[in-house]
Amino acid sequence: MNYKSALPLLLKPNMKIALLSISVLLLASCTHSQNSISATHPTEMPSLTEFKLSSPAFKQGDTIPALYTCDSTNISPALHWTKASGRLASYALFMDDPDAPMGTWVHWVVYNIPPDDSSLAQNFPKDSILANGTRQGVTSFRSVGYGGPCPPDRMHRYFFKLYALDTTFNLACNSTGERRLLAAIKGHILAEAELMGKYNRRQ
């Protein structure tokens, strides 16, 4: 047998080794790519533990002070939140009462809150459009701005829900309620946080 006829036989083991090496490299490349996607996902979608909503007026699950209800001045409590990350363009806030006799009662609708903001002041103005671009929608009281707890029968729960969004909205304030805005923000939510307080007029 001359070297020319023996060459294919000599190359076969080397070819197997080369093919095996290429397969290992491709598998490693795919695994690295998947790990990279998993690693970047949390920064794009902040978790609820990273994005928190709070108030100096009451803690989670506590009674909302009468100052912020229809039994007193009916002004809004101050709210604070940790800033969200990612493609943040605005925040939206809703306050509602799921225990109302006629179904969920909407107490507050705020949207287009600037991304650099991290709070709403106590006694927030009841204007449709504020100087910084923040807008407020119509509540179940058929008015714009905050309407405090005023339960007619028993202890009710009041949920403040804050959404970090990747867009802003050009909607008519006088026709923007919670349901319409919730439909609009679907698909644009980066993170959400919630604060719940209780109130009962018959204490």
Side-chain angles (χ1 to χ4, degrees), residues 48 51-82 84 90-114 117-165 168-169 171-186 189 191-203:
L48 296 181
F51 186 48
K52 295 181 179 179
L53 177 64
S54 62
S55 174
F58 62 96
K59 294 182 179 180
Q60 173 70 22
D62 283 356
T63 298
I64 297 173
L67 178 69
Y68 308 107
T69 74
C70 67
D71 290 325
S72 183
T73 59
N74 206 26
I75 62 173
S76 63
L79 297 172
H80 303 280
W81 57 87
T82 53
S90 69
Y91 295 100
L93 175 83
F94 307 103
M95 173 193 172
D96 60 32
D97 168 15
D99 302 321
M102 298 179 66
T104 300
W105 191 269
V106 180
H107 287 257
W108 204 7
V109 178
V110 192
Y111 63 104
N112 286 359
I113 302 170
D117 287 5
S118 58
S119 65
L120 293 181
Q122 177 177 284
N123 194 18
F124 198 72
K126 296 185 178 183
D127 300 324
S128 295
I129 305 177
L130 281 73
N132 66 354
T134 298
R135 297 190 177 195
Q136 297 186 89
V138 177
T139 68
S140 294
F141 295 107
R142 297 185 179 180
S143 60
V144 172
Y146 176 85
C150 197
D153 49 2
R154 56 188 170 85
M155 180 76 77
H156 284 209
R157 296 167 300 157
Y158 298 89
F159 290 86
F160 295 80
K161 306 169 188 177
L162 182 68
Y163 298 89
L165 307 171
T168 57
F169 301 92
L171 303 171
C173 294
N174 58 3
S175 63
T176 306
E178 182 185 46
R179 185 173 299 178
R180 183 181 177 192
L181 193 53
L182 278 173
I185 70 176
K186 187 176 180 180
I189 300 172
E192 57 185 284
E194 184 177 276
L195 174 66
M196 188 272 288
K198 302 175 181 178
Y199 190 70
N200 184 5
R201 301 184 71 191
R202 299 184 178 183
Q203 293 179 333

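Because only heavy atoms are used, hydrogens play no part in the values below, and waters and symmetry mates are left out as well, while side chains stay in. Keep in mind the model is a prediction, meaning the values are calculated, not measured.
Looking at Gln136, its side chain does come within 3.5 Å of a backbone N or O of Asp127 through a donor-acceptor pair. The backbone N or O of Thr134 sits less than 3.5 Å from a side-chain atom of Asn132, completing a donor-acceptor pair. Side chain of Thr104 to backbone of Pro98: no donor-acceptor contact under 3.5 angstrom is found. Side chain of Arg154 to main chain of Asp99: a donor-acceptor pair is present (N/O by atom type, distance under 3.5 Å, no hydrogens or angles). The closest donor-acceptor contact from the side chain of Ser72 to the backbone of Asn74 lies at 3.5 Å or more, if one exists at all. A donor-acceptor contact shorter than 3.5 Å links the side chain of Thr73 to the backbone of Leu67. For Trp81 (side chain) and Ala193 (main-chain N/O), no donor-acceptor pair under 3.5 Å exists by modelled atom type. Proximity of a side-chain donor or acceptor of Glu194 to a complementary backbone N or O of Lys52 within less than 3.5 Å is not detected. Checked by atom type and distance alone, the side chain of Thr69 pairs as donor or acceptor with a backbone atom of Asp71 at under 3.5 Å. Of the possible donor and acceptor atoms, none in the side chain of Asn112 sits under 3.5 Å from a partner among the backbone N and O of Thr168.
Between Asp96 and Lys161, some side-chain heavy-atom pair lies under the 4.5 Å cut-off. Counting only heavy atoms from C-beta outward, the side chains of Gln122 and Ile75 approach each other to under 4.5 Å. A 4.5 Å side-chain heavy-atom check between Val138 and Val109 finds every atom pair outside the cut-off. A heavy-atom distance below 4.5 Å is not found between the side chains of Thr82 and Ser118. The side-chain heavy atoms of Val144 and Thr139, taken from C-beta on, include no pair separated by under 4.5 Å. Within the 4.5 Å cutoff, the side chain of Phe169 has heavy atoms near those of the Ile185 side chain. The shortest side-chain heavy-atom distance between Pro77 and Phe160 falls under the 4.5 Å cut-off.
The existence of a salt bridge linking Arg201 and Asp153 is excluded, since no basic side-chain nitrogen approaches an acidic carboxylate oxygen closer than 4.0 Å. Taking the charged nitrogens against the carboxylate oxygens, Lys198 and Asp62 have no contact shorter than 4.0 Å, which rules out a salt bridge.
Scanning all heavy atoms of the two residues, the minimum distance from Ile64 to Tyr199 falls at O-CD1, 3.3 Å. Smallest separation of non-hydrogen atoms from Gly137 and Tyr111: N-CE2, 4.2 Å. Tyr158 and Pro149 get closest at one heavy-atom pair: CZ-CB, 3.4 Å.
With rounding to the nearest 0.5 angstrom, the OG atom of Ser143 is 6.5 Å from the NZ atom of Lys126. In this structure, CZ on Arg135 lies 11.5 Å from OG on Ser90, to the nearest 0.5 angstrom. Note that CG of Leu53 and CE of Met196 are 13.0 Å apart. Values are rounded to the nearest 0.5 Å.
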Test Ile189 against Leu165 for side-chain contact (heavy atoms from CB on, under 4.5 Å), laying out the working first. CA-CA 5 Å; Ile189 300 172; Leu165 307 171; 3.9 Å; yes
Evaluate the criterion side-chain contact (heavy atoms from CB on, under 4.5 Å) for residue pair Ser55 and Leu195; output intermediate values, then yes/no. CA-CA 8 Å; Ser55 174; Leu195 174 66; 3.8 Å; yes
Ser76 and Tyr68: side-chain contact (heavy atoms from CB on, under 4.5 Å), yes or no, with the steps? CA-CA 6 Å; Ser76 63; Tyr68 308 107; 5.9 Å; no
Evaluate Leu162 against Tyr91 for side-chain contact (heavy atoms from CB on, under 4.5 Å), listing each step before the verdict. CA-CA 7 Å; Leu162 182 68; Tyr91 295 100; 4.1 Å; yes
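Checked against a 6.0 Å centroid threshold, the rings of His107 and Tyr146 do not count as neighbours.
Taking the six-membered ring where tryptophan is involved, the planes of Trp105 and Phe141 are perpendicular, since the angle between them exceeds 60° and thus also 30°.
Partners of Asp97 by salt bridge (Lys or Arg N to Asp or Glu O under 4.0 Å), not counting sequence neighbours: none found. With sequence neighbours excluded, the residues that form a ring pair (Phe, Tyr, Trp, His ring centres under 6.0 Å) with Tyr163 are Phe94.
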